[in-house]
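Take this structure first; my questions come after.
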Amino acid sequence: MTNSPVDPTSTTAWSALKGHIQDLAADRIDLRTWFAQQPTRVRDFTLGVADLRVDLSKNLVQTETMRLLVALGGEVQLKSQIDAMFAGRHINVSEDRPALHTALRRSTSQPPLIVDGQNVSAAVQGEQDRFLGFAEDVRHQRHLGITGKALTTVVNIGIGGSDLGPAMVYRALAAYHGPIQARFVSNIDPSDLGETLATLDPETTLFIVASKTFTTLETMTNGRLARAWLLEMLGARGIVTSASSAAEAVAKHFVAVSTATDKVAAFGIDPVNAFQLWDWVGGRYSVDSAIGLPLAISLGPDVFRDFLAGFAAVDAHFSQEPIERNVPALLGLINVWYVNFWDARTHAVLPYSQDLGRWPAYLQQLTMESNGKSVRWDGTPVTTSTGEIFWGEPGSNGQHAFFQLLHQGTQLIPADFIAFANPSVPLVDSSQDVHELLLANFIAQSSALAFGKTADEARAEGTPERLVPARVFTGNRPSTSIMAPALTPSVLGQLIALYEHITFVEGAVWGINSFDQWGVELGKALASQVVPALAGDQSAFTQLDQSSQAMVEYCRAARQR
Ligand code: F6P
C-alpha cells in the first residue's frame, strides 16, 4: 500500500466505466434483450463460494462491465489491500492497528499468524479454548448458580457489535437451540431490561456483560442494574446476606467479554470469568470472538466451530482467488458500480428466511458503520459517493409492504435476495410443501424486477386501456440472488464473511478506512452534557443549543421535574 489512497475517479478504468455506461445506454439497457442475446448468461454470471451459489445475471452488467470493474480493482490495488488486511498490516490507520477479524476463524492447520511480534493465532486459540470450555461447563452443569441450580437462561447485555451479531445468529439458528435459552438486552430504554428481568429467575440466570471497551453507557448502565436486581432478588430470598455472598452471587451469575480486563475487575467480575477480545477486532466484526459466548452456550461449541469453519471457507477464497473470480470482490465492485455510476443511494437486503429476521439490522451496522465516511484513510476528502444505505426485511413479508416501490418507484435500488433450498422447519399444507411457496416467491420477485411487464403484455391480459400505464412494470431493476442448500451454522458463517469482505472491497475502492467509527462520538459526548441538564443543572442547560434547551424544558415540564 502507498502512503495515500489511489483516487478511484482518476483511474483509467473509472473513465472507461463512464464511457461504458453511455455505450450501454445508447444500445439500450435491457435485461430481456441481454438474456436473449446471451443464452449462457446465467451460467456466465453465476459464481460459487463454499456452499453459496451467487447469481449475478440479473444485474445491470455485461461481460465488458465486469472486465472494467476488475480493472478498477487492479488500479486501486485491491489485491494488495486484501493481502494487507489478512497479514495484519495497520490498515485501521486512524487507530493505528490491524483489522484482524479473519484471525478469529483462521484454521489451526495454517501456519501461526505473527503480527507486531505477537503470535495472534496462539492468543486466539487460547481464548477460544477458554470461552468454549466455559460454555461446556455451563451446558454440562459444572458451572451452576449460587444455589446449586443449573443455569437455564443466559442474558447478553451489550449493544452494537456486542449485541447485533449474537442476536442475529441466535435467531437465525433457532433450529440448533439447546435447553439453555439466550436473551439479548441492548437499549438504554428501561423497557428493554425491565421487560426482560420481569421474566427471569435470578437463581437460574447467567448475565454476560459484553462490551469491547467496557465504557459504553447503555451496557454499563444495564449491567449495573442487572447486578443490583440479582442481589436484591437473591437478598429477598435470604440467599445473599453478606458482602461475601454478594461477591459469590456475582461470580456465579456474571461473566464479561471485553478488551478492558481492568474495567471488568472494577465492575466486580472475577478475571477468571472474563473473556478477552483484542483491539484489532472491530465490534461489528466480533461475533466470531468471545462476543459469541451466548451462542456457544445456547447452541454448543460444536455448532460454534461449524459456524467459524464457514467464515474460514470464504476467507480462504477471498484471500486466494484472483479478483476476476473472487466472489466478494466482484460483489463489492458491482455495488460500487451502482453507487457511483448509477447513483444508487440505497441497497435492499431481502432474506427469504424468517430466521434471518435480524440480518438487515446486523448488516446495517456492518456496512454503514464501516463505509459511512466522507474522508479517506489519509484524512483527505473522498472523491466520490460512499456508503449506500442498507435496509430490508424478510420476504415474503416485504412483498406486502415496500416492494411496490422496488417494482414501480422512480429510484434504482439494487437488491440482494437470499434463500435456502431446504427449510429450517418443514411444513406441509394440503400436500403442498410450504417452503416451496416461499421459494416460488423468492424466484418470482427477482424475475419480475428484472424482466417486468410491457404495455402490450398488460393489454394481452385484458387490462382496460386506462389502467395499462399503472400495470406496466419497467423491469431492469437489478438484483443478486444468493442461495445455499440450507441455513446451517457453516452457511451462516459463510454469509457473514461474504458481506464483511464485500464491505471491505467497497471501502478499499473508495480509499476509506472501513474499521474506525469516529462518527458515533459527537452524539455520545453531547448526550453526556444533556444528562445533567435534564436533571436540572442550569449551567449544563445553558451550554445546549436552542432546540435542545426547548426539548429539555418540555421533558422537565412533562415529567414535572
Ligand atoms: O458507538 C458505536 C460502537 O462503538 C460500535 O462500534 C460498537 O459495536 C458499539 O458501540 C458497542 O461498543 P462496545 O462493545 O465497546 O460496548
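Each ligand, and each atom within it, is numbered from 1 in the order the structure gives. Predicted, not measured: the structure shown is a model, and the values here were computed from it.
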No-hydrogen, no-angle side-chain donor-acceptor test under 3.5 Å, Thr102 and Asp315: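 Per modelled atom types, Thr102 and Asp315 side chains form no pair under 3.5 Å.
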Protein heavy atom at shortest distance from atom 12 (O) of ligand 1: Thr216 OG1, 3.5 Å
Which residue and heavy atom of the protein sit nearest atom 9 (C) of ligand 1, plus the separation: Ile159 O, 3.7 Å
Distance filter under 4.0 Å to Gln517 heavy atoms, resulting ligand 1 atoms: 6 (O)
Student check: side-chain heavy atoms of Leu331 and Val327 closer than 4.5 Å: yes
N-O pairing of Lys373 and Asp516 below 4.0 Å: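 Yes, charged N to carboxylate O under 4.0 Å.
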Residue that, paired with Ser514, satisfies side-chain hydrogen bond (donor to acceptor under 3.5 Å, both in side chains) out of Thr503, Asn92, Asn371: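 Going through Thr503, Asn92, Asn371 one by one, the side-chain hydrogen bond (donor to acceptor under 3.5 Å, both in side chains) with Ser514 is satisfied by Asn371 alone.
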Close N or O approach (Gly161, ligand 1; < 3.5 Å): yes
Give every donor-acceptor pair under 3.5 Å between a side-chain atom in residues 163-179 and any protein atom, sequence neighbours left out.
from   : atom 1 : to     : atom 2 : distance (Å)
Tyr170 : OH     : Ala182 : N      : 2.9
Arg171 : NH2    : Gln354 : O      : 3.4
His177 : NE2    : Tyr170 : O      : 2.7

Part of Thr213 within contact of ligand 1 (heavy atoms, under 4.0 Å): both
Aromatic centroids of Phe307 and Phe304 separated by under 6.0 Å: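 Ring centroids of Phe304 and Phe307 are less than 6.0 Å from each other.
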Shortest protein contact, atom 2 (C) of ligand 1 (heavy atom only): Glu369 OE2, 3.5 Å
Taking atom 4 (O) of ligand 1 as the reference point, the nearest protein heavy atom with its distance: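 Answer for atom 4 (O) of ligand 1: Lys524 NZ, 3.9 Å.
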Proximal candidate to atom 7 (C) of ligand 1 [heavy atom criterion; set Arg284, Gln365, Lys212]: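 Going through Arg284, Gln365, Lys212 one by one, Gln365 has the nearest heavy atom to atom 7 (C) of ligand 1.
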